*Asks:* 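Got a structure for you, questions after.
All values derive from a computational prediction rather than experimental measurement. All ligand and atom numbering here is 1-based and tracks the order in the structure.
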Amino acid sequence: MRAGVFITLEGIEGVGKSTHALYIRERLEQHGFQTVLTREPGGTKTGEAIREILLHATSSPISDLTELLLIFSARAQHLQEIIIPALKANKVVICDRFTDATYAYQGGGREIDRQQIQILEAFVQEGLKPDLTILLDTPIEIGLGRANHRSKADRFESETVNFFQRVRQEYLELARSEPERIQVIDANRPLQQIQQDIDSILAARKLC
Ligand code: Z5A
């Protein structure tokens, strides 16, 4: 059995996941929790190498199934090397994206059969799920608009508007199916208001 707390942040790109992951870490550390801040795909040396392929390998095609398997390969390493040891050491793991992103991007976006994802989830995670997921939600033009200010688009960022609409809808569907775990925040507001909502969610779980 594990002892720590596993928190994930989700949403389409540019909604503020990285910004609020840092905020959550700061709040938790102010309240005496030991934290590990990490991300997917990535979080380990192997996982970061896989991330590089997933995001930037554009010279040769990657099939949807290969993409799915690469994501779960990175996740398997991340769980064994970082997440499970941290939870066993009673730490709070804050992870920028996790398996909900797979349902949203590979399930919703790429339209891979949900049951295939469920099989891999059960195999790789053996029942481990986040205790709390914060889903930052904005209309896609807001998120994409914020992200577009940055450098060259990666493999996902080059997808169509319809792809991101499906991703967003799948995230909202996941939240409807697991309302206790997945807390939706309207991220189309000033940072301070979003952080007040985050504080309330953490306080309700006695984390701040
Ligand atoms: N992927 C997948 O397909 N399947 C999976 O299972 C997993 C991932 C785990 C990499 O993700 C890609 O991997 C991802 C899906 C795929 N691709 N996409 N798209 P990533 O997390 O590294 O990439 P990202 O979502 O593109 O990250 P991001 O663009 O950095 O977004 P963010 O972390 O949500 O946003 P941010 O960096 O905190 O904020 C972006 C900017 O907006 C920044 O300048 C902020 O200051 C600003 N911002 C944030 N919030 C606000 C508010 N409220 N008002 C004004 N400005 C704001």
*Asks:* Do ligand 1 and Gly16 have nitrogen or oxygen atoms that lie under 3.5 Å from each other?
*Replies:* yes
*Asks:* Just need the protein heavy atom nearest to atom 38 (O) of ligand 1, so name the residue and atom and give the distance.
*Replies:*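 Protein heavy atom at minimum distance: Thr19 OG1, 2.5 Å.
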*Asks:* Does any N/O atom on His20 come nearer than 3.5 Å to any N/O atom on ligand 1?
*Replies:* no
*Asks:* Number the atoms of ligand 1 from 1 as they appear, then name those within less than 4.0 Å of a heavy atom of Ile194, with their elements.
*Replies:* 53 (N)
*Asks:* What atoms of ligand 1 come closer than 4.0 angstrom to any heavy atom of Lys17?
*Replies:*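 Close to Lys17: 21 (O), 25 (O), 31 (O), 32 (P), 33 (O), 34 (O), 35 (O), 38 (O).
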*Asks:* If you measure from atom 16 (C) of ligand 1 to every heavy atom of Tyr23, Phe156, Phe72, Phe98, which option wins on shortest distance?
*Replies:* Phe156
*Asks:* If Ile, Leu, Val, Met, Phe, Trp and Tyr residues are connected whenever their side-chain heavy atoms lie under 4.5 Å apart, and connections chain through other members, are Leu136 and Ile142 in the same group?
*Replies:*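 As far as the 4.5 Å side-chain criterion goes, Ile142 and Leu136 are not connected within one cluster.
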*Asks:* For the side chain to side chain donor-acceptor pair (under 3.5 Å) test, which of Gln125, Lys129, Glu10 pairs with Thr99?
*Replies:* Gln125
*Asks:* Identify whether NZ of Lys or CZ of Arg in Arg168 sits under 6.0 Å from the centre of the six-membered ring of Tyr171 and within 45° of that ring's axis.
*Replies:*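 Not flagged: Arg168 not positioned over aromatic ring of Tyr171.
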*Asks:* Under 3.5 Å, which donor-acceptor pairs link side chains of residues 114-123 to any protein atom two or more places apart or in another chain?
*Replies:*
from   : atom 1 : to     : atom 2 : distance (Å)
Arg114 : NH1    : Glu170 : OE2    : 3.3
Glu121 : OE1    : Tyr103 : OH     : 2.5

*Asks:* Could you tell me whether Arg176 and Glu173 make a salt bridge, using a distance below 4.0 angstrom between a side-chain N and a carboxylate O?
*Replies:* yes
*Asks:* Considering only heavy atoms, which of Ala101, Cys95, Ser18 lies nearest to atom 5 (C) of ligand 1?
*Replies:* Ala101
*Asks:* Using heavy-atom distances, let me know which of Arg97, Arg75, Glu67 sits nearest atom 20 (P) of ligand 1.
*Replies:* Arg97
*Asks:* I'd like to check the side-chain hydrogen bond (donor to acceptor under 3.5 Å, both in side chains) partners of Thr35; sequence neighbours left out, ordered by chain and number.
*Replies:*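 Once residues adjacent in sequence are excluded, the partners of Thr35 under the side-chain hydrogen bond (donor to acceptor under 3.5 Å, both in side chains) criterion are Glu29.
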*Asks:* Any idea which of Arg146, Glu40, Gln193 brings a heavy atom closest to atom 54 (N) of ligand 1?
*Replies:*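 Among Arg146, Glu40, Gln193, the closest heavy atom to atom 54 (N) of ligand 1 comes from Arg146.
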*Asks:* Looking only at heavy atoms, what is the nearest atom pair of Leu55 and Pro41, with distance?
*Replies:* CD1-CG, 4.5 Å
*Asks:* Do Leu9 and Ile24 come close enough that some side-chain heavy atom pair is under 4.5 Å?
*Replies:*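 Yes, their side chains come closer than 4.5 Å.
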*Asks:* Hey, is Ala104 touching ligand 1 through its side chain, its backbone, both or neither, going by heavy atoms under 4.0 Å?
*Replies:*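 Within the 4.0 Å criterion, Ala104 makes no contact with ligand 1.
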*Asks:* What I want to find out is whether Asp131 reaches Arg205 closely enough, with some N-O distance under 4.0 Å, to be called a salt bridge.
*Replies:*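 Looking at Arg205 together with Asp131, the answer is no, because their closest N to O distance does not fall below 4.0 Å.
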*Asks:* Consider side chain to side chain contact (heavy atoms under 4.5 Å, CB included). Of Arg97, His78, Arg51, which one does Arg39 pass it with?
*Replies:*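 Result: among Arg97, His78, Arg51, Arg51 is the only option passing the side chain to side chain contact (heavy atoms under 4.5 Å, CB included) with Arg39.
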*Asks:* I'd like to check which ligand 1 atoms, numbered from 1 as shown, lie under 4.0 Å from a non-hydrogen atom of Glu157.
*Replies:* 26 (O)
*Asks:* Who's the nearest protein heavy-atom neighbour of atom 26 (O) of ligand 1, and how far?
*Replies:*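 Going atom by atom, the protein heavy atom closest to atom 26 (O) of ligand 1 ends up being Glu13 CB, 3.0 Å.
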*Asks:* Do you see a protein non-hydrogen atom under 4.0 Å from atom 42 (O) of ligand 1?
*Replies:*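 It does: a protein heavy atom is found less than 4.0 Å away from atom 42 (O) of ligand 1.
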*Asks:* Below 3.5 angstrom, do we get any N/O pair linking Arg189 and ligand 1?
*Replies:*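 The answer is yes, given that Arg189 and ligand 1 share an N or O pair closer than 3.5 Å.
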*Asks:* Looking at Glu48 and Gly43, would you say the former's side chain and the latter's main chain have a donor-acceptor pair under 3.5 Å?
*Replies:*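 Yes: the side chain of Glu48 pairs with the backbone of Gly43.
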*Asks:* Please report whether ligand 1 has a polar contact with Gly14, defined as an N or O pair separated by less than 3.5 Å (distance criterion only).
*Replies:*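 Gly14 vs ligand 1: N/O contact under 3.5 Å present.
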*Asks:* Would you say Asp154's side chain and His56's backbone share a donor-acceptor pair under 3.5 angstrom?
*Replies:* no
*Asks:* Please write down residue, atom name and distance for the protein heavy atom closest to atom 30 (O) of ligand 1.
*Replies:* Arg150 NH1, 3.0 Å
*Asks:* May I ask you to list the atoms of ligand 1 that are less than 4.0 angstrom from any heavy atom of Gln106?
*Replies:*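 Near Gln106, the atoms of ligand 1 are 2 (C), 3 (O), 4 (N), 5 (C), 6 (O).
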*Asks:* Indicate whether any N or O donor in one side chain lies under 3.5 Å from an N or O acceptor in the other, for Gln30 and Arg27.
*Replies:* yes
*Asks:* Near Thr102, which atoms of ligand 1 are under 4.0 Å from a heavy atom of that residue?
*Replies:* 5 (C), 6 (O)
*Asks:* With a 3.5 Å cut-off and no angle check, do the side chains of Thr102 and Arg75 form a donor-acceptor pair?
*Replies:*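 Yes, a side-chain donor-acceptor pair sits under 3.5 Å.
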*Asks:* For ligand 1, does Thr99 get within less than 4.0 Å through its side chain, its backbone, both, or neither, judged by non-hydrogen atoms?
*Replies:*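 The answer is neither; Thr99 stays 4.0 Å or more away.
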*Asks:* Taking the non-hydrogen atoms of Ala187, is any one of them nearer than 4.0 angstrom to ligand 1?
*Replies:* yes
*Asks:* Do any nitrogen or oxygen atoms of Pro41 come within less than 3.5 Å of a nitrogen or oxygen of ligand 1?
*Replies:*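 No - when backbone and side-chain N and O of Pro41 are compared with those of ligand 1, no distance drops under 3.5 Å.
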*Asks:* Considering only heavy atoms, does Ile71 approach ligand 1 within less than 4.0 Å through its side chain, its backbone, both, or neither?
*Replies:*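 Contact part for Ile71 vs ligand 1: side chain (C-beta onward).
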*Asks:* May I ask you to list the atoms of ligand 1 that are less than 4.0 angstrom from any heavy atom of Arg51?
*Replies:*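 In order of numbering, the contacting atoms are 20 (P), 22 (O).
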